[in-house]
There are 2 protein chains.
Amino acid sequence: MQIDVDILFTWGAVAKKYLKDEIIFYEDDSALFYYQIVEGAVKMFCSNEDGKEFTQGVFEKGCSFGEPPLFIDEIYPCTAIATQDSVVIKISKDKFLTIIAEYPEINKSIMKLLALRIFKKSLTNKNIVNQKPEYRIHAFLRDYKQKNGVSDSEKLQIPYTRQEIADFTGLRVETVIRTLSLMNKCNKVEINNHKLFY
Amino acid sequence: MQIDVDILFTWGAVAKKYLKDEIIFYEDDSALFYYQIVEGAVKMFCSNEDGKEFTQGVFEKGCSFGEPPLFIDEIYPCTAIATQDSVVIKISKDKFLTIIAEYPEINKSIMKLLALRIFKKSLTNKNIVNQKPEYRIHAFLRDYKQKNGVSDSEKLQIPYTRQEIADFTGLRVETVIRTLSLMNKCNKVEINNHKLFY
DNA sequence: CGGTTCCTTGAGGATGATCAACGAGGGTGG
DNA sequence: CCACCCTCGTTGATCATCCTCAAGGAACCG
């Protein structure tokens with residue numbers, strides 16, 4: 001949970017509903033609000049000229065997203081879209097910055113959040129540059145599992161489609177499918193009835 | 001300039017010399033100190049199993065580096081190496097966190113710094129996923145130019161070797177060379193006597 | 001000069017992308 | 001219950017391109 005919802009509302013935040021597939025903000029928009037998810041899920045992604053999509057992150061209930069540009073007067077580097085019907089709290093940049101200045105605990109947690117994001121993005125960079133598909137997929141799965149606090153030994157079903165995994169790893173669907181098949185043969189993943197376990 | 005040097009020393013920081021090519025910390029070390037460069041330059045990079053290197057960032061006089069893991073009790077995702085003879089100020093993690101809590105202005109500037117790093121890394125991710133070499137190199141050059149506050153119209157000599165550009169972009173030297181030649185033909189860069197201008 | 005580092009070129013091979021087609025499952029409406 | 005549609009998964013063939021390996025040339029420095 002990023003910022004206590006009561007505090008947000010006290011400072012004038014409003015909750016807004018977004019339907020599945022509705023855009024919350026576009027790449028290159030200027031950043032005017034702090035967003036925090038009450039219900040639902042949001043994906044941030046950017047697409048390049050040939051329409052290929054890259055998923056920069058997914059966010060769920062309790063998470064905030066799109067904060068960095070607020071601090072540096074920058075435009076959004078990616079688009080944010082609701083991947084389910086969602087409720088999102090918005091509060092203006094100024095109020096958000098004020099809250100951070102007023103509440104040391106919140107300040108600290110935002111700092112931690114940003115630090116974690118950098119850490120994760122460093123890893124992502126590293127994994128993507130290593131162009132081997134298996135390596136990229138492995139890193140993605142490991143990260144997903146860890147994010148959900150599941151120990152290495154337990155098997156976990158991965159709730160993403162092959163296309164989604166492709167968008168996370170910067171590969172193509174077919175490559176993901178073929179690589180997963182190979183990984184299945186080597187027992188690096190488990191595929192049952194098209195469902196993927198790791 | 002990140003944190004005022006006097007403040008750092010007041011809180012017990014020490015300056016340390018590193019010779020060119022000396023390692024400051026290794027990937028997977030735990031993060032115990034805040035580092036800020038007084039003189040010289042530092043590169044952060046990670047390498048994968050086949051020895052290929054990826055440069056996560058370069059830092060110069062006045063810059064700090066390796067802060068994110070301090071906030072989240074994480075190990076370093078990359079190795080830091082002095083690329084020239086350098087002088088670096090070190091201060092313990094605890095003292096650093098105390099300073100941040102004590103000086104709101106410093107707190108703010110660190111927050112901005114982290115936000116900027118995320119922003120940059122998002123762009124890097126995006127550019128690397130777009131696997132076309134020309135695109136990656138272009139993004140790298142644009143970023144370098146912008147970092148140095150040079151307007152789009154001015155030509156700037158790029159002080160990196162082809163190998164270094166390769167390490168920044170996750171490509172191979174030969175690919176960088178061939179791509180730069182092509183870009184030269186289309187006047188997207190200028191090559192004079194092996195020197196690169198953009 | 002002699003050595004080192006960096007740049008350059010060519011040939012060949014590996015591999016991920018692309019294109020095209022089909023299969024499988026799930027939901028909906030008649 | 002069946003027919004249809006839509007999304008997702010899968011497979012094969014072909015292509016484009018970046019990597020790899022090998023060699024040589026250019027610049028720079030003591």
Side-chain angles (χ1 to χ4, degrees), chain A residues 20-21 43 47-55 81 83-84 127-141 157-185 189-198, chain B residues 20-21 43 47-55 81 83-85 127-141 157-186 189-198:
Chain A
K20 178 167 154 59
D21 294 332
K43 177 177 77 174
S47 30
N48 65 19
E49 51 271 20
D50 22 290
K52 191 169 164 186
E53 230 176 65
F54 175 64
T55 304
I81 188 171
T83 53
Q84 307 167 13
N127 293 325
I128 288 182
V129 163
N130 183 114
Q131 59 275 61
K132 298 212 181 72
E134 180 169 333
Y135 197 91
R136 295 201 207 181
I137 292 176
H138 223 279
F140 167 71
L141 294 175
Q157 184 176 346
I158 308 298
Y160 294 111
T161 66
R162 319 283 148 145
Q163 181 61 59
E164 285 169 332
I165 296 175
D167 291 342
F168 273 111
T169 51
L171 299 165
R172 297 260 98 142
V173 210
E174 298 92 332
T175 306
V176 170
I177 287 168
R178 289 190 246 258
T179 308
L180 283 175
S181 300
L182 289 175
M183 291 170 79
N184 185 33
K185 286 209 181 63
V189 300
E190 194 182 316
I191 298 178
N192 262 330
N193 202 348
H194 304 154
K195 291 184 190 18
L196 176 62
F197 298 85
Y198 176 76
Chain B
K20 178 165 154 60
D21 294 331
K43 176 176 78 172
S47 31
N48 65 19
E49 51 272 19
D50 20 290
K52 191 170 163 185
E53 230 175 66
F54 174 65
T55 304
I81 187 171
T83 53
Q84 308 167 12
D85 292 353
N127 293 326
I128 288 182
V129 163
N130 184 114
Q131 59 276 59
K132 297 210 181 73
E134 179 169 334
Y135 197 92
R136 295 200 207 180
I137 292 175
H138 223 278
F140 167 71
L141 294 175
Q157 183 175 346
I158 308 298
Y160 294 111
T161 65
R162 321 282 149 146
Q163 181 61 58
E164 284 169 332
I165 296 175
D167 291 341
F168 272 111
T169 51
L171 299 166
R172 297 260 98 143
V173 209
E174 298 93 332
T175 306
V176 170
I177 288 168
R178 289 190 246 256
T179 308
L180 283 175
S181 299
L182 289 176
M183 291 172 77
N184 186 32
K185 285 210 180 64
C186 312
V189 300
E190 194 182 317
I191 299 177
N192 262 330
N193 201 348
H194 304 154
K195 290 185 191 15
L196 176 62
F197 297 84
Y198 177 77

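In what follows, every chain begins at residue 1, and chains take the letters A, B, ... in the order their sequences are listed.
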Exercise. Any side-chain heavy atom of Ile158(B) within less than 4.5 Å of one from Val189(B)?
Worked result: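 With C-beta onward as the side chain, the pair stays apart.
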
**Q.** 4.5 Å side-chain heavy-atom contact, Ile165(A) and Leu196(A)
**A.**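 A side-chain contact under 4.5 Å exists here.
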
_Parallel, tilted or perpendicular, judged at 30° and 60°: which one describes the rings of His138(B) and Tyr198(B)?_
perpendicular

- Message: Could you check whether any side-chain N or O of Lys52(B) sits under 3.5 Å from a backbone N or O of Gly170(B), counting only pairs where one atom can act as donor and the other as acceptor?
- Response: yes

*asked:* Main chain of Phe54(B), side chain of Asp167(B): is a donor-acceptor contact present, judged purely on distance under 3.5 Å?
replied: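 No; zero donor-acceptor contacts below 3.5 Å.
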
Winner on side-chain proximity to Lys195(B), out of dC18(D), dA17(C), dC28(D), is dC28(D)

Rounded interatomic separation in angstrom, taking [atom1] from [X] and [atom2] from [N]:
X: Arg172(B); N: dC19(D); atom1: CZ; atom2: P; answer: 7 Å
X: Leu182(A); N: dT15(C); atom1: CG; atom2: C1'; answer: 12 Å
X: Glu53(B); N: dC19(D); atom1: CD; atom2: C1'; answer: 18 Å
X: Ile128(B); N: dC18(D); atom1: CD1; atom2: P; answer: 15 Å
X: Glu164(A); N: dC8(D); atom1: CD; atom2: P; answer: 8 Å
X: Ile137(A); N: dG16(C); atom1: CD1; atom2: C1'; answer: 12 Å
X: Asp167(A); N: dT7(D); atom1: CG; atom2: P; answer: 16 Å
X: Phe54(A); N: dA17(C); atom1: CZ; atom2: P; answer: 14 Å

What residues, two or more places apart in sequence or in another chain, satisfy side-chain hydrogen bond (donor to acceptor under 3.5 Å, both in side chains) together with Glu134(B)?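 For Glu134(B), the residues satisfying side-chain hydrogen bond (donor to acceptor under 3.5 Å, both in side chains) (neighbours in sequence not counted) are Lys188(B).
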
For nucleotides 1-4 of chain C, give me every protein contact, N/O to N/O, under 3.5 Å, one pair per line with atom names.
none

Check the pair Thr55(A) / Lys43(A) against side chain to side chain contact (heavy atoms under 4.5 Å, CB included), numbers first and verdict last. CA-CA 7 Å; Thr55(A) 304; Lys43(A) 177 177 77 174; 3.8 Å; yes

Applying side chain to side chain contact (heavy atoms under 4.5 Å, CB included) to Asn184(B) and Leu180(B), what does each step give before you reach the verdict? CA-CA 6 Å; Asn184(B) 186 32; Leu180(B) 283 175; over 6 Å; no

*Decide yes or no on side chain to side chain contact (heavy atoms under 4.5 Å, CB included) for His194(B) and Arg162(B), but give the supporting numbers first.*
CA-CA 10 Å; His194(B) 304 154; Arg162(B) 321 282 149 146; 4.3 Å; yes

Please check the phosphate of dC18(D) (OP1 and OP2 only) for any side-chain N or O of Thr175(B) closer than 4.0 Å.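 Negative; the distance criterion is not met.
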
Q) Considering heavy-atom distances to DNA chain C, does Asn193(A) or Leu171(A) have its closest nucleotide positioned more toward the 5' end? A)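 Whichever sits nearer the 5' end wins; that is Leu171(A).
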
Distances under 3.5 Å between protein N/O atoms and the N/O atoms of nucleotides 5-12 of chain C, please, pair by pair.
{"residue": "dC7(C)", "atom": "OP1", "partner": "Arg162(B)", "partner atom": "NE", "Å": "3.4"}
{"residue": "dC7(C)", "atom": "OP2", "partner": "Arg162(B)", "partner atom": "N", "Å": "2.9"}
{"residue": "dT8(C)", "atom": "OP2", "partner": "Arg162(B)", "partner atom": "NH1", "Å": "3.1"}
{"residue": "dG10(C)", "atom": "N7", "partner": "Arg178(B)", "partner atom": "NH1", "Å": "2.9"}
{"residue": "dG10(C)", "atom": "O6", "partner": "Arg178(B)", "partner atom": "NH2", "Å": "3.2"}

